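Worksheet for the structure shown next.
Order of the sequence lines sets the chain letters (A, B, ...), proteins ahead of strands, with each chain counted from 1. As the structure is a computational prediction, the values presented were derived from the model and not from experiment.
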Amino acid sequence: MKVKELALDGIVRQNPALKLVLGTCSILALSNEAINGLGMGAAVTFVLVCSNLVISILRNIIPDKVRIPAFILIIATFVTVVKMLLYYLGSKSAAIMGIYNAMGVFLPLIVVNCIILARAESFASHNTIGLSVMDGLFMGIGYTVALTLLGAVREILGNGSIFGVALWNFKIAFFTTPAGAFMTYGMFIALFTFVYDRIVRKQKLGGAKILKPKTTEV
Amino acid sequence: MKKILTPSVKCVLTLVIIAVVCVAALAILNDLLYVPPDFSAFSNAYEAEYDQVEVADVATTSGKVLLAVEGSDSQGKQLVGLYIESAGYGKAKAFTVIIVLEKDTGIILGSYIKEQGSSAAPYDYDESKLAALNGTNIADIVPKDPEMVVTGATHSSYAVMNAFVTAQEYYQAVYGE
């Protein structure tokens with residue numbers, strides 16, 4: 001039951017990209033193609049799960065006064081690991097090297113990604129190992145889904161392709177620009193909030209039809 | 001013992017221990033995931049075995065030496081390979097060019113354009129014209145010599161030749177008499 005709640009929190013109710021609006025820099029920069037979004041999402045998920053795991057294990061050992069520097073040290077270690085791992089895999093596969101190169105400076109900058117520090121501070125440092133890992137996993141999935149969908153929409157509209165596979169020749173170059181990223185991201189947040197609010201309101205009313213109040217004309 | 005472990009000491013100790021463990025873990029992973037440098041691009045210019053050497057601190061006017069290698073070919077000829085980012089010329093942006101020279105004489109043995117800089121004009125890059133420079137001593141390179149035009153567009157040709165000028169300056173400073 002708790003796992004279901006964590007899954008709903010990570011993917012929908014507290015989606016890091018669409019609800020909490022965290023990690024916006026990398027979202028805007030790497031949502032130009034679906035594959036880049038997926039790669040960045042996977043990297044962030046890896047760091048989230050591993051850092052939540054270690055922080056949860058050490059939660060009773062790390063003194064409260066130095067918890068933030070300690071968290072940063074742990075997160076930075078896992079970011080370095082993911083960077084080395086991607087480069088190593090990239091030396092075996094050109095596709096992974098393409099993702100590695102596309103990530104550029106945003107890969108080391110995962111260290112300062114608000115999602116990771118926020119989960120470490122608000123969840124992993126107060127909860128058991130299992131729950132912390134689950135929280136990291138679902139938060140990572142929520143971020144990855146949002147980033148990949150955003151990348152897919154921008155790639156389809158901007159490049160006329162999806163995951164590098166050409167669909168048609170119709171392209172709107174605007175969607176590949178930073179301004180296009182801002183606009184698409186804004187639209188995504190608006191759509192997500194609209195649908196989410198409708199669902200929540202429906203649940204609160206127990207599925208009852210929402211009636212408009214009668215107005216009397218004067 | 002209790003007196004020594006004041007809260008501040010405990011804080012510092014915790015951070016030091018975490019840092020040491022992290023560094024140790026990274027050192028092990030670095031060895032496991034080490035990817036040796038790939039010098040295949042140098043072999044595109046001239047087939048030989050290469051090893052990386054430190055880039056000397058030499059002031060160059062027309063570009064920058066990003067990587068330097070030394071090696072020897074199958075006949076035992078000693079070589080110097082330079083990976084150069086040339087300065088752009090006009091509308092032609094920087095080119096990255098690999099140039100392999102004979103270490104003792106400075107004779108060009110091979111060159112290869114790794115990345116072409118963007119330009120308003122088509123490059124019309126001609127591999128045979130670049131290959132025609134092989135056998136020329138690097139000291140004899142004159143960037144704007146009509147005999148040494150390597151592309152169809154003047155500006156991009158000068159941008160490529162800037163890499164050769166950089167190689168000339170670097171070679172003379174490091175290996176010259």
Side-chain angles (χ1 to χ4, degrees), chain A residues 42-43 46-47 49-104 107-108 110-111 116-117 120-121 124-125, chain B residues 1-44 49-52 64 66-67 69 81 83 85 93-98 112-120:
Chain A
F46 176 84
V47 176
V49 171
C50 295
S51 59
N52 270 14
L53 171 76
V54 174
I55 287 164
S56 181
I57 292 169
L58 300 176
R59 70 186 187 279
N60 296 323
I61 300 167
I62 299 170
D64 204 39
K65 281 179 185 169
V66 288
R67 66 185 195 287
I68 300 293
F71 294 167
I72 292 284
L73 262 175
I74 294 162
I75 293 165
T77 305
F78 285 112
V79 172
T80 314
V81 170
V82 92
K83 194 171 186 287
M84 288 195 299
L85 201 63
L86 268 175
Y87 190 75
Y88 178 77
L89 296 173
S91 70
K92 313 259 175 217
S93 151
I96 295 175
M97 192 49 101
I99 298 172
Y100 176 85
N101 287 332
M103 282 184 186
L107 186 56
I110 293 175
V111 177
I116 295 158
L117 196 59
E121 170 73 356
S125 59
Chain B
M1 185 68 184
K2 256 189 177 176
K3 267 190 178 175
I4 301 168
L5 276 179
T6 57
S8 330
V9 174
K10 202 181 163 195
C11 288
V12 173
L13 260 180
T14 312
L15 281 179
V16 169
I17 291 167
I18 292 174
V20 168
V21 171
C22 289
V23 168
L26 285 177
I28 294 165
L29 277 170
N30 190 39
D31 277 351
L32 287 175
L33 303 174
Y34 177 71
V35 180
D38 179 17
F39 297 125
S40 58
F42 283 92
S43 294
N44 287 337
E49 293 288 318
Y50 297 100
D51 275 319
Q52 192 173 347
K64 199 173 154 189
L66 302 176
L67 183 73
V69 296
Y83 178 46
E85 186 184 73
K93 296 278 188 318
F95 278 69
T96 46
V97 185
I98 287 170
Y112 169 70
I113 295 184
K114 191 157 188 297
E115 277 168 32
Q116 301 198 340
S118 62
S119 162

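- Pairing each heavy atom of T14(B) with each of I61(A), the nearest pair is CG2-O, 4.4 Å.
- Interface summary for chain A: among V35(B), V12(B), N30(B), V23(B), the most heavy-atom pairs under 4.5 angstrom belong to V35(B).
- For the pair L26(B) and M84(A), the minimum side-chain heavy-atom distance is below 4.5 Å.
- Closest of all the heavy-atom pairs between L15(B) and L73(A) is O-CD1, 3.8 Å.
- Using a 4.5 Å cut-off between heavy atoms, L85(A) contacts chain B through both its backbone and its side chain.
- Between L32(B) and Y88(A) the shortest heavy-atom distance is O-CE1, 4.3 Å.
- When V81(A), T77(A), V54(A), L89(A) are compared by the number of non-hydrogen pairs under 4.5 Å with chain B, T77(A) comes out ahead.
- The structure places CD1 of I18(B) at 4.0 Å from CD1 of I62(A), a figure rounded to the nearest 0.5 Å.
- C11(B) and V66(A) get closest at one heavy-atom pair: CB-CG1, 3.6 Å.
- In this structure, E121(A) places its CD atom where more than 12 heavy-atom neighbours from other residues, nucleotides or ligands lie under 6.0 Å away.
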